[in-house]
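Everything quoted here is computed from the prediction, not taken from an experiment.
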Amino acid sequence: MAHVVAGVLALAAAAGAQQSTLDYRLGAGDRVRVLVYGHADLSGDFVVDGAGRLSLPLIQLVPAQGLTVQQLEAAITAKLRPDYLINPRVSVEVLNYRPFYIVGEIKNPGSYPYVNGLTVIEAVALAGGYTYRAKKDAVTITRARVVDDTGDEHATPHTVVLPGDVIEVPERFF
C-alpha cells in the first residue's frame, strides 16, 4: 500500500511540475527557439536579453519578459502580420531555462542549471548537500522577479524549484 501512495505522490508532483512549466514566464537569460514556418531565415535560437527582449530578424526587438511561450508566439505573429507575412505561423520552444541559485549552509553554493521538476532536496543534492551547521527546517525560496509577484516563502524538501529562484539555507544557532 505504501508503494501505491508513493507512486500517486510522484505522479502528482510530476503533474505539478509540468503545470508550472506551462505557466512559465520568460525572463532574462532564457534561451528560446523561434520557428517561423516556411521562413528559415526568420527562425533560430535566441536569448532573452537583460532588458527582457528578443532581437529577431526583420522585426527587431520583441518584448519577452513576463510572457508565457504562447503569449510570445502571439506577439511575434502580430509583429510579422500584415507588413511582412500574410499568415505567419510561429512556434516558440524554451531550450534552456534561467539557472537557479542556492546559497547559505550548502557545501557548494552557487548557480546551477535548471532541470524541469526539480525539488529543493534535489537542488541541495546538486550543490553537494547541507553543511553540518544547516538549519534544514528553515529553508526559504525567493521566486524570480519576472512579474511583480516576488516574495520569500518557506520551502519544504518537496517544494518545486523554478528557473531563477534563489534557495537560502540558513545557519542554525545552538
Does a side chain donor of either Tyr114 or Asn96 reach within less than 3.5 Å of an acceptor in the other side chain?
no
Test of understanding: with side-chain hydrogen bond (donor to acceptor under 3.5 Å, both in side chains), list the residues that count as partners of [X], not counting sequence neighbours.
X      : result
Thr131 : Glu105
Ser43  : none
Glu122 : Thr119

I want to check something: taking the side chain as every heavy atom from C-beta on, are [X] and [Y] in contact at a cut-off of under 4.5 Å?
X      : Y      : answer
Val160 : Leu118 : no
Ile76  : Val34  : yes
Phe100 : Ser111 : no

Indicate the atoms forming the closest heavy-atom contact of Gly128 with Asn108, along with that distance.
CA-ND2, 3.9 Å
Do you know the tightest heavy-atom contact between Ala64 and Leu26?
O-CB, 3.5 Å
Tell me whether the count of non-hydrogen atoms from other residues, nucleotides or ligands lying under 6.0 Å of CZ in Arg89 goes above 12.
no
Same cluster or not: [X] versus [Y], using hydrophobic residues (I, L, V, M, F, W, Y) connected whenever any side-chain heavy atoms lie under 4.5 Å apart?
X      : Y      : value
Leu35  : Tyr84  : no
Ile141 : Ile121 : yes
Leu126 : Tyr101 : no

Pair listing, salt bridge (charged side-chain N to carboxylate O under 4.0 Å, His left out) test, anchored in residues 76-88, at least two apart
none
As a quick check of understanding, evaluate side-chain hydrogen bond (donor to acceptor under 3.5 Å, both in side chains) for Asp30 and Tyr24, giving each step before the final call.
CA-CA 11 Å; Asp30 286 330; Tyr24 178 68; 2.7 Å; yes
Sorted by chain and number, sequence neighbours left out, side-chain contact (heavy atoms from CB on, under 4.5 Å) with His39 holds for Val36, Asp41, Leu42, Leu85
Could you work out, with side-chain contact (heavy atoms from CB on, under 4.5 Å) as the rule, every residue matching Ala127, not counting sequence neighbours?
Ile102, Ile106, Tyr112
Enumerate donor-acceptor pairs with a distance under 3.5 Å from any side-chain N or O in residues 44-63 to protein atoms, sequence neighbours excluded.
| residue | atom | partner | partner atom | Å |
| --- | --- | --- | --- | --- |
| Asp45 | OD1 | Arg33 | NE | 2.9 |
| Asp45 | OD2 | Arg33 | NH2 | 3.4 |
| Asp49 | OD1 | Ala51 | N | 2.9 |
| Asp49 | OD1 | Gly52 | N | 2.9 |
| Asp49 | OD1 | Arg53 | N | 2.8 |

Are any side-chain N or O atoms of Arg25 and backbone N or O atoms of Gly66, one a donor and one an acceptor, separated by less than 3.5 Å?
yes
Checking Leu72 against Gln70 for the side-chain contact (heavy atoms from CB on, under 4.5 Å) test, could you report, in this order, the C-alpha distance in whole Å, the side-chain angles of both residues, the deciding distance, and whether it holds?
CA-CA 5 Å; Leu72 181 58; Gln70 293 80 12; over 6 Å; no
Which ILVMFWY residues can you reach from Val115 by hopping between side chains whose heavy atoms are under 4.5 Å apart?
none
From Tyr97 atom OH to Arg31 atom CZ, the distance as rounded to the nearest 0.5 Å:
14.5 Å
Which donor-acceptor pairs under 3.5 Å do the side chains of residues 161-171 make with protein atoms, sequence neighbours left out?
| residue | atom | partner | partner atom | Å |
| --- | --- | --- | --- | --- |
| Asp165 | OD1 | Ala144 | N | 3.3 |
| Asp165 | OD2 | Arg143 | NH1 | 2.3 |
| Asp165 | OD2 | Leu162 | N | 2.8 |

